[in-house]
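Scroll down for the structure; my scribbles are underneath it.
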Amino acid sequence: MGSTKFFTLKEARLSNNCPECYSTDGLEITFKQKFTENAFYKAITNDTAYDIYCYNCDTSIFPIQWTDDIERVVDYQQRSINPKPKSIKLKKLAWIIILLDLLLFIIVVLIIMGIINI
């Protein structure tokens, strides 16, 4: 029913050696932030993800393969990103349901108070 996507916050080239091919010009880190959407709302969450990819040997570099130098650069790059603030936007269907519930509540209160007779 709902979908979860990630949108790119920042991409940066790294000059570190690739743990697979030892090239110094192919590593790129990508930071992404989570975006969820369903029939009732759209939301940006605080969840962020990152991955490192080497374009010389076409492989993803997983954290288990990182050297100390790569970890330091990732920490530095992570501090430099500015994620979008957490937000939620209700869609039209959610507003219709809220208004219908409010109208139903008002009608029930008016019937209980005796203002409306059935």
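In what follows, every heavy atom counts, from backbone to side chain, and hydrogens, waters and symmetry copies are set aside. Please read these numbers as outputs of a predicted model, since none were measured by experiment.
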Show your reasoning for whether salt bridge (Lys or Arg N to Asp or Glu O under 4.0 Å) applies to Asp75 and Arg72.
-> CA-CA 5 Å; Asp75 288 341; Arg72 282 193 292 273; over 6 Å; no

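Cluster annotation: Leu90 and Ile97 are assigned to the same hydrophobic cluster (Ile/Leu/Val/Met/Phe/Trp/Tyr, side-chain heavy-atom contacts under 4.5 Å, transitive). By the criterion of side-chain heavy atoms lying less than 4.5 angstrom apart, applied directly or through intervening Ile, Leu, Val, Met, Phe, Trp or Tyr residues, Leu9 is not grouped with Tyr53; the two fall into different hydrophobic clusters. Clustering ILVMFWY residues whenever any of their side-chain heavy atoms sit less than 4.5 angstrom apart, transitively, puts Val109 in the very cluster that holds Leu102. A single hydrophobic cluster is not seen to contain both Ile88 and Ile44; linkage of ILVMFWY side chains at heavy-atom distances under 4.5 Å, directly or through other members, places them apart. When hydrophobic clusters are built by joining Ile, Leu, Val, Met, Phe, Trp and Tyr residues whose side-chain heavy atoms come closer than 4.5 Å, directly or via intermediates, Ile111 is not grouped with Val108.
Nearest heavy atom pair, residue Thr45 against residue Gln33, reads O-NE2, 2.8 Å. Minimum interatomic distance between Phe6 and Lys32 (heavy atoms only, all atoms of both residues): CB-CB, 3.8 Å. Of all heavy-atom pairs spanning Arg13 and Gly26, the tightest one is NH1-O, 3.5 Å. A pairwise comparison of heavy atoms in Trp66 and Ile61 identifies NE1-O, 3.5 Å as the closest pair.
Atoms CD and OG1, on Glu37 and Thr4 in that order, are 10.0 Å from each other to the nearest 0.5 Å. To the nearest 0.5 angstrom, Ile115 atom CD1 is 12.5 Å from Ile107 atom CD1. Note: Cys57 SG to Tyr22 OH = 10.5 Å, rounded to the nearest 0.5 Å. Distance CG/Asn82 to OG/Ser80: 8.0 Å, rounded to 0.5 Å. With rounding to the nearest 0.5 Å, the separation of CG in Asn16 from OG1 in Thr24 is 9.5 Å. To the nearest 0.5 Å, atoms CG (Leu104) and CG (Leu99) are separated by 12.5 Å.
In terms of modelled atom types and a separation under 3.5 Å, the side chain of Gln65 and the main chain of Phe62 share a donor-acceptor contact.
In this structure, the side chains of Thr67 and Ile70 come closer than 4.5 Å at one or more pairs of heavy atoms. Looking at heavy atoms from C-beta onward, Tyr50 lies out of side-chain contact with Ile81 at the 4.5 angstrom threshold.
Here the rule is side chain to side chain contact (heavy atoms under 4.5 Å, CB included) with Leu27, and of Val73, Asn56, Ile52 only Ile52 fits it.
The aromatic rings of Phe35 and Phe7 sit perpendicular, their planes meeting at an angle over 60°, well past the 30° parallel limit.
Within a 6.0 Å radius of NZ in Lys91, more than 12 heavy atoms belonging to other residues, nucleotides or ligands are found.
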